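Computed from a predicted model, the values in this text were never measured in an experiment.
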Amino acid sequence: MRVLVTGAAGFIGSHIVTALIAAGHEVVALDVLLPAVHPDPAAARARLPAPVRLTEADVRDPAAVAEALTGVDAVCHQAAMVGLGVDLDDAPLYAGCNDLGTAVLLAQMARAGIRRLVLASSMVVYGEGRYDCPQHGPTAAAPRQESDLAAGRFEPGCPRCGDGLVPGLVEETAGIDPRNVYAATKAAQEFLASAWARACGGRVAALRYHNVYGPRMPRDTPYAGVAAIFRSALAAGRAPLVFEDGGQRRDFVHVRDIATANVAALEWTSAAPAGTFRAFNAGSGTPHTVGELAAGLAAAVGGPAPRHTGQYRLGDVRHVTASNQRLREELGWAPAVGFAEGLKEFANDSSQEPR
């Protein structure tokens, strides 16, 4: 199968390219190589295996996308601005890259008769994850108030009785509740892809990535993930600075597991009924706290112990962890890299792209 991978030179995209080739597919690579994400374009190009040619073009460019789609059977759409960014001034850039870019891609796929899409979505579309109140059962957590965060009250309470909520694993049936600009753009990507599938008989697997980490993770940029930020601090001999109290629960999933999930999702699109949009949580299924991540990385390199700062970001959520049962059962996928093993590899990896 001939597959177009957008964002192919990126952290996740480059691993997907490798996994697709290993599975016997032919890859067409597209990436605009944004300087904020790829300060060393040569290093980004070198990530891709030799048989793959990289087309440097913007997914928002209809002509470039149309040309890249020539002879293609399916698309893995990874191109996006990620992270919370710096402030609301980033909103036009996020909406342009993520939503306009997706709309252009979908329009060109419809014209080219390509009906198979794997979309890189994100767990951020959920907002807060699943919670249960001891008195009232499953309960949606309200957005956290800045006054509570400033006072160190980080755990959301039950809107009905005020009691503490017990976090659990979120399933794909949970409602969409994006709570920052990036999350809103990822939700919009899903809605666009769903509308496209219905309109043209397409088949979409939307993989809601949880906290992806591993080799080639970008560092020292406004868009770096928390694992990369901690690792950069340790590499400089500094203690990782952990926001809030470090008790935020996340699902940290290795990038190679995300790559194999994309291959499985691509194969799923060949058998799915026309007009299908299906979301899948792409996570390890095993929660860990941000504090545990920082401590694990520090221990792996013999660095200074993490320091909990009490700082916070209003757009952050407290807990969001994945149930990956649907991905396991319907796509036959399972994670292969354990948390301790993955952290040790990541902590000692030298392939992160420098700022």
Side-chain angles (χ1 to χ4, degrees), residues 1-8 10 12-31 48 51-55 57 59-60 62 64-80 98-99 101-122 125 172 186-209 257-282 326-333:
M1 185 187 312
R2 185 177 171 90
V3 184
L4 171 65
V5 179
T6 69
I12 297 175
S14 62
H15 283 277
I16 291 171
V17 170
T18 299
L20 286 169
I21 291 174
H25 300 294
E26 181 184 356
V27 173
V28 177
L30 180 75
D31 200 305
L48 299 176
V52 176
R53 284 188 175 183
L54 175 64
T55 298
V59 74
R60 294 168 290 186
V65 171
E67 183 175 353
L69 288 170
T70 302
V72 162
D73 302 300
V75 176
C76 280
H77 182 34
Q78 309 297 314
N98 297 356
D99 299 335
T102 299
V104 169
L105 174 65
L106 293 172
Q108 295 303 319
M109 288 177 66
R111 288 185 177 185
I114 300 165
R115 299 293 184 262
R116 299 170 61 184
L117 173 68
V118 178
L119 173 68
S121 186
S122 172
V125 300
E172 293 87 350
K186 298 308 286 186
Q189 282 186 305
E190 288 198 10
F191 290 136
L192 286 166
S194 178
W196 170 84
R198 289 194 300 270
C200 70
R203 302 165 177 85
V204 181
L207 298 182
R208 291 175 177 167
Y209 297 164
D257 287 332
I258 289 295
T260 59
N262 272 267
V263 175
L266 182 68
E267 293 168 355
W268 173 89
T269 62
S270 65
T276 298
F277 174 94
R278 189 77 164 155
F280 299 89
N281 283 333
R326 180 183 288 184
L327 190 60
R328 286 174 174 270
E329 292 181 352
E330 297 185 16
L331 274 63
W333 170 92

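- Between Arg278 and Glu172 no salt bridge is recorded (no basic side-chain N to carboxylate O distance below 4.0 Å).
- Smallest separation of non-hydrogen atoms from Val204 and Trp268: O-CZ3, 3.5 Å.
- For the atom pair CZ of Arg208 and CZ of Arg326, the computed distance is 8.0 Å after rounding to the nearest 0.5 Å.
- The shortest distance between side-chain heavy atoms of Ile258 and His15 does not fall below 4.5 Å.
- With hydrogens and angles ignored, the 3.5 Å screen pairs no side-chain donor or acceptor of Ser194 with any backbone N or O of Glu190.
- Residues Gln189 and Ser121 are not in side-chain contact: their nearest non-hydrogen atoms beyond the backbone lie 4.5 Å or more apart.
- Rounded to the nearest 0.5 angstrom, Ser122 OG and Leu207 CG are separated by 11.5 Å.
- Thr269 and Arg203 share no side-chain donor-acceptor pair at under 3.5 Å.
- Once rounded to the nearest 0.5 Å, the distance linking CG of Leu69 with CZ of Arg111 reads 11.5 Å.
- A centroid separation of 6.0 Å or more is found between the aromatic rings of Phe280 and Trp333.
- With rounding to the nearest 0.5 angstrom, the OG1 atom of Thr102 is 13.5 Å from the CZ atom of Phe191.
- Nearest heavy atoms, Arg116 versus Trp196: N-CH2, 4.2 Å.
- Here the shortest heavy-atom pairing between Asp31 and Ala8 reads OD2-N, 3.4 Å.
- Exactly one of Leu20, Val75, Val52 qualifies for a side-chain contact (heavy atoms from CB on, under 4.5 Å) with Val5. That residue is Leu20.
- Note that CG of Leu105 and NE2 of His77 are 5.0 Å apart. Values are rounded to the nearest 0.5 Å.
- Here the closest heavy-atom approach between residue Lys186 and residue Ala120 is recorded as NZ-O, 2.7 Å.
- For the pair Thr276 and Ala197, the tightest heavy-atom approach, listed with the atom from each and the gap, is O-CB, 3.9 Å.
- Residues Ala79 and Gly7 come closest through the heavy atom pair CB-N, 3.7 Å.
- Each of Ile21, Leu266, Thr260, Asn262 was scored for a side-chain contact (heavy atoms from CB on, under 4.5 Å) with Ile16, with one residue passing: Asn262.
- A donor-acceptor pair under 3.5 Å links the side-chain atoms of Asp73 to the main chain of Arg2, judged by distance alone.
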Inset, instruction - Could you walk me through whether Leu106 and Leu117 pass side-chain contact (heavy atoms from CB on, under 4.5 Å), step by step? - result: CA-CA 9 Å; Leu106 293 172; Leu117 173 68; 3.7 Å; yes
